[in-house]
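Below, read A as the first sequence line, B as the second, and so on, with proteins coming before strands; counting in each chain starts at 1.
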2 protein chains.
Amino acid sequence: MAKHQAPTMKDVAREAGVALGTVSRVINGITVGDEYKKKVEAAIKKLNYQVNTYARGLKTSQTKTLTLIIPSLALPFYANFAYEIEQQTYQHGRKLILCCSNGIPEKEIDYISLASQSKTDGIIALTYSDISNQVPEDIPLIVFDRHFENRSVPRIASDNFAGGFLAIEKLLEFGCTHPIFIGYHSDFPGEADKRFEGFQAACKKFELKPTFLYESDDNDSYETLYNFIVSHQDKDTHTLDFDGIFANTDLEACAAVRILDDLNYSVPADVQIIGFDGTKKFLPIDEYIVSTIVQPLPALAKKCVEMILNAENEPLPTLTLLPVTYEYGGTTIK
Amino acid sequence: MAKHQAPTMKDVAREAGVALGTVSRVINGITVGDEYKKKVEAAIKKLNYQVNTYARGLKTSQTKTLTLIIPSLALPFYANFAYEIEQQTYQHGRKLILCCSNGIPEKEIDYISLASQSKTDGIIALTYSDISNQVPEDIPLIVFDRHFENRSVPRIASDNFAGGFLAIEKLLEFGCTHPIFIGYHSDFPGEADKRFEGFQAACKKFELKPTFLYESDDNDSYETLYNFIVSHQDKDTHTLDFDGIFANTDLEACAAVRILDDLNYSVPADVQIIGFDGTKKFLPIDEYIVSTIVQPLPALAKKCVEMILNAENEPLPTLTLLPVTYEYGGTTIK
DNA sequence: AGAAAGATATGAAACGTTTCACGAAACATA
DNA sequence: TATGTTTCGTGAAACGTTTCATATCTTTCT
């Protein structure tokens with residue numbers, strides 16, 4: 001038995017008794033006489049015809065495909081961003097190509113090259129190195145949550161600076177007199193760095209002594225944080241010299257909660273804590289709920305995709321910052 | 001200024017002073033005379049030529065593309081599976097198209113149809129409905145972690161039954177005399193159901209009274225579980241009538257830990273707990289560590305991709321079950 | 001040395017679309 | 001009725017590859 005060949009437009013045309021071009025026009029929704037249209041549609045249904053994306057892509061060099069380059073899906077934040085991007089991509093009738101680079105520059109570049117061979121309609125990148133000069137001019141690129149040296153590459157992120165500032169404002173509003181900052185930062189230029197700057201700006205404005213733990217990635221961050229907190233306690237009075245924590249991420253906020261608990265301090269009575277990311281929004285784990293500055297992940301994804309797809313009409317703006325919001329999660333008084 | 005056109009094989013051929021076919025052979029690694037090869041490679045480098053995947057796909061109807069259909073990336077288990085599939089896909093020189101269906105059957109079918117139009121080389125599906133009859137015959141399909149009515153569709157999963165059995169064996173080995181099962185199950189036919197069957201089989205074999213909480217998805221599972229546990233305690237003696245828990249997932253194991261803690265029982269002294277999934281392997285959150293039956297996610301992903309890509313040589317086996325392992329995580333004595 | 005066999009380069013055809021110049025038909029105008 | 005205008009279907013060309021029959025050049029054997 002011969003292998004069943006998928007029907008082509010030519011088959012449809014023959015079946016419907018019309019010309020090839022007519023079939024094409026029906027498929028692409030270009031005006032066609034009613035009787036013709038009906039005949040073609042009947043033939044399509046009868047033959048169960050489906051367009052061949054590759055033939056179309058070759059002809060139009062529009063592949064209806066978006067590419068997402070992301071280190072991994074291990075961090076819930078990454079996973080959720082990828083999810084939101086996919087949802088948007090689908091909504092716009094595109095397919096999403098997922099690339100997990102593990103943050104390895106060579107892989108990142110390799111993915112770019114693959115994407116370019118596949119004539120992808122746009123690249124959304126959350127990379128460790130600045131890959132903007134690897135991307136062909138005719139493929140729109142948006143860098144998410146990163147700021148590289150080259151400031152001309154369009155990027156998008158939450159307003160991390162405002163978020164850092166807001167966290168301190170909130171802690172003060174909730175009665176804290178000495179909020180501090182804790183966090184680890186990696187050596188790649190992530191937008192998350194701006195949270196610390198927001199903290200500093202708030203300290204300046206409200207005339208606070210800026211106390212913080214802000215170091216490069218550490219193998220045992222729990223221990224580092226533990227020691228830091230211990231160093232700020234008066235053992236005789238069992239008193240801490242701070243009463244509020246702004247943690248760089250919800251993960252770190254959780255670690256702080258645990259450590260304070262281990263040290264027999266009460267949250268939020270003794271210390272109020274605000275994290276960052278809004279992880280509870282997308283990680284359905286109770287243990288993970290803290291008061292937090294929420295990143296608007298769905299809105300960010302929406303913006304990314306819309307901007308990319310609109311890139312040929314309107315050049316991509318250099319920087320797009322979306323507002324963050326505070327949300328109560330039990331580690332503050334409200 | 002004219003828009004810069006990407007160079008084609010024809011350009012390379014002209015630049016190198018050879019025929020079109022020769023360029024093709026160089027690119028595809030077919031034997032070509034040394035001098036020709038050198039000339040072509042030089043031209044490729046000079047023009048910065050890249051193959052056009054769409055032209056190639058049209059000609060060969062091999063798209064070097066795999067499609068993953070998964071409900072979402074919200075559950076760490078899903079996210080990690082997607083990640084491992086992507087890694088394997090990349091290793092085999094393919095691209096991955098990610099489809100998040102939210103478990104909506106219409107979307108699942110729509111994704112299948114898109115995949116088929118795009119002539120994907122294979123589909124890996126973690127769906128809620130049985131989509132096997134929607135997939136064209138010539139596209140290999142593997143269903144992950146599901147068992148539908150139609151038993152002829154190739155599927156792959158961890159050996160959940162053996163895992164359930166193993167969990168009880170371990171609890172007994174660690175000195176429990178009355179292990180129980182807790183878990184919620186959804187109404188779609190997931191392989192995870194088999195864990196409960198494994199539990200039951202173990203009860204039969206070891207002559208245990210099978211105590212369990214096993215209900216359909218619940219809006220407030222915490223409360224249900226809390227009430228269940230309370231109903232098994234003697235309030236006067238503050239004693240529970242069980243001393244071991246096998247939880248259907250690590251998430252539920254964590255909930256149990258928390259509830260027992262709230263009720264002032266000690267884990268693992270009073271109650272030992274074993275979860276399922278091995279979530280700690282891929283979710284880097286300390287709160288989330290329990291003793292667990294580990295699903296071999298990387299191995300599962302590897303198998304999926306290898307089998308799919310080998311499907312034309314060797315027809316896909318109906319059922320592939322990969323072994324699970326026990327791993328200590330603090331909620332048991334070892 | 002001549003013929004046969006073996007390599008390997010060549011260029012045209014084909015994959016399944018979209019697009020466009022062309023022509024036919026229908027309609028409006030005078 | 002004759003002419004101009006609009007509408008819409010037609011079919012060939014083109015997109016950038018791969019593949020295959022053909023042609024050319026070596027090598028080997030008698």
Side-chain angles (χ1 to χ4, degrees), chain A residues 2-44 47-65 114 116-121 136 138, chain B residues 3-41 43-44 47-65 114 116-121 136 138:
Chain A
K3 205 168 190 179
H4 182 65
Q5 280 295 338
T8 71
M9 279 181 40
K10 202 183 276 183
D11 298 321
V12 174
R14 193 186 314 117
E15 174 73 29
V18 304
L20 198 55
T22 307
V23 177
S24 176
R25 307 181 78 194
V26 170
I27 287 170
N28 292 294
I30 301 170
T31 37
V32 166
D34 255 3
E35 43 191 336
Y36 281 83
K37 193 169 177 179
K38 262 179 221 153
K39 279 195 284 183
V40 170
E41 280 167 348
I44 286 178
L47 300 182
N48 192 23
Y49 167 80
Q50 297 200 121
V51 318
N52 180 322
T53 308
Y54 275 72
R56 177 180 281 176
L58 169 60
K59 194 65 185 130
T60 63
S61 49
Q62 280 256 336
T63 62
K64 299 287 182 190
T65 276
L114 289 172
S116 141
Q117 288 173 9
S118 296
K119 305 269 177 280
T120 195
D121 293 344
D138 54 340
Chain B
K3 206 168 189 179
H4 181 66
Q5 281 294 338
T8 71
M9 279 181 41
K10 203 183 275 184
D11 298 320
V12 174
R14 194 185 315 118
E15 174 73 29
V18 304
L20 199 54
T22 308
V23 177
S24 177
R25 308 181 77 193
V26 170
I27 287 170
N28 291 294
I30 301 171
T31 37
V32 165
D34 254 4
E35 44 191 336
Y36 281 84
K37 194 170 177 179
K38 260 180 223 155
K39 277 194 285 183
V40 169
E41 280 168 347
I44 287 178
L47 299 181
N48 192 23
Y49 166 81
Q50 297 200 120
V51 318
N52 180 323
T53 309
Y54 275 73
R56 176 181 282 176
L58 170 60
K59 193 66 185 130
T60 64
S61 50
Q62 280 256 337
T63 61
K64 299 288 182 189
T65 275
L114 288 172
S116 141
Q117 288 174 10
S118 296
K119 306 267 176 279
T120 196
D121 292 345
D138 54 340

Does [X] make a side-chain N or O approach to OP1 or OP2 of [N] shorter than 4.0 Å?
X	N	answer
A/N28	C/dT18	yes
B/Y49	D/dT17	yes
A/T22	D/dG9	no

Worksheet item: Nearest to the side chain of A/L58, which nucleotide is it out of C/dT19, C/dG16, D/dG9?
Response: C/dG16

Worksheet entry | Selection from D/dT17, D/dT10, C/dT18 that lies nearest to any side-chain heavy atom of A/Y36 | D/dT10

Discussion item. Closer than 3.5 angstrom, by distance alone: can the side chain of A/S118 be matched with the main-chain N or O of A/T120 as a donor-acceptor pair?
Written reply: no

Response to the item:
Comparing B/A55 with B/G21, nearest DNA chain D nucleotide closer to 5' gives the residue B/A55

Worksheet entry | Side-chain touch B/K39/B/T22, heavy atoms, less than 4.5 angstrom | no

Worksheet item: Between B/P7 and B/L47, which heavy-atom pair has the shortest distance, and what is it?
Response: CG-O, 3.4 Å

Practice prompt. Compare every heavy atom of B/Y36 with every heavy atom of B/V32, then report the nearest pair and how far apart it is.
Written response: CG1-CB, 3.6 Å

Nearest-Å distance for atom pair [atom1]/[atom2], residues [X] and [N]:
X	N	atom1	atom2	value
A/K59	D/dC15	NZ	C1'	5 Å
A/Q62	D/dC15	CD	P	17 Å
B/K64	D/dT18	NZ	P	11 Å
B/Y54	C/dA14	OH	C1'	20 Å
B/L20	D/dG16	CG	P	12 Å
A/E35	D/dC8	CD	P	12 Å
A/M9	D/dA13	CE	P	17 Å
A/R25	D/dT7	CZ	P	12 Å

Students often get this wrong, so: under 4.0 angstrom with heavy atoms, is [X] touching a base, only sugar-phosphate, or nothing?
X	answer
B/Q50	sugar-phosphate
A/G33	sugar-phosphate
B/S61	nothing
A/T60	sugar-phosphate

Practice prompt. For the pair B/D34 and B/K37, evaluate salt bridge (charged side-chain N to carboxylate O under 4.0 Å, His left out) and give the outcome as yes or no after the intermediate values.
Written response: CA-CA 5 Å; B/D34 254 4; B/K37 194 170 177 179; 5.7 Å; no

Worksheet item: Does A/R56 make a side-chain donor-acceptor contact with the base of C/dG16, cut-off 3.5 Å?
Response: no

Response to the item:
When A/I30 and A/T8 are each assigned the nearest nucleotide of DNA chain C, the 5'-most assignment goes to A/T8

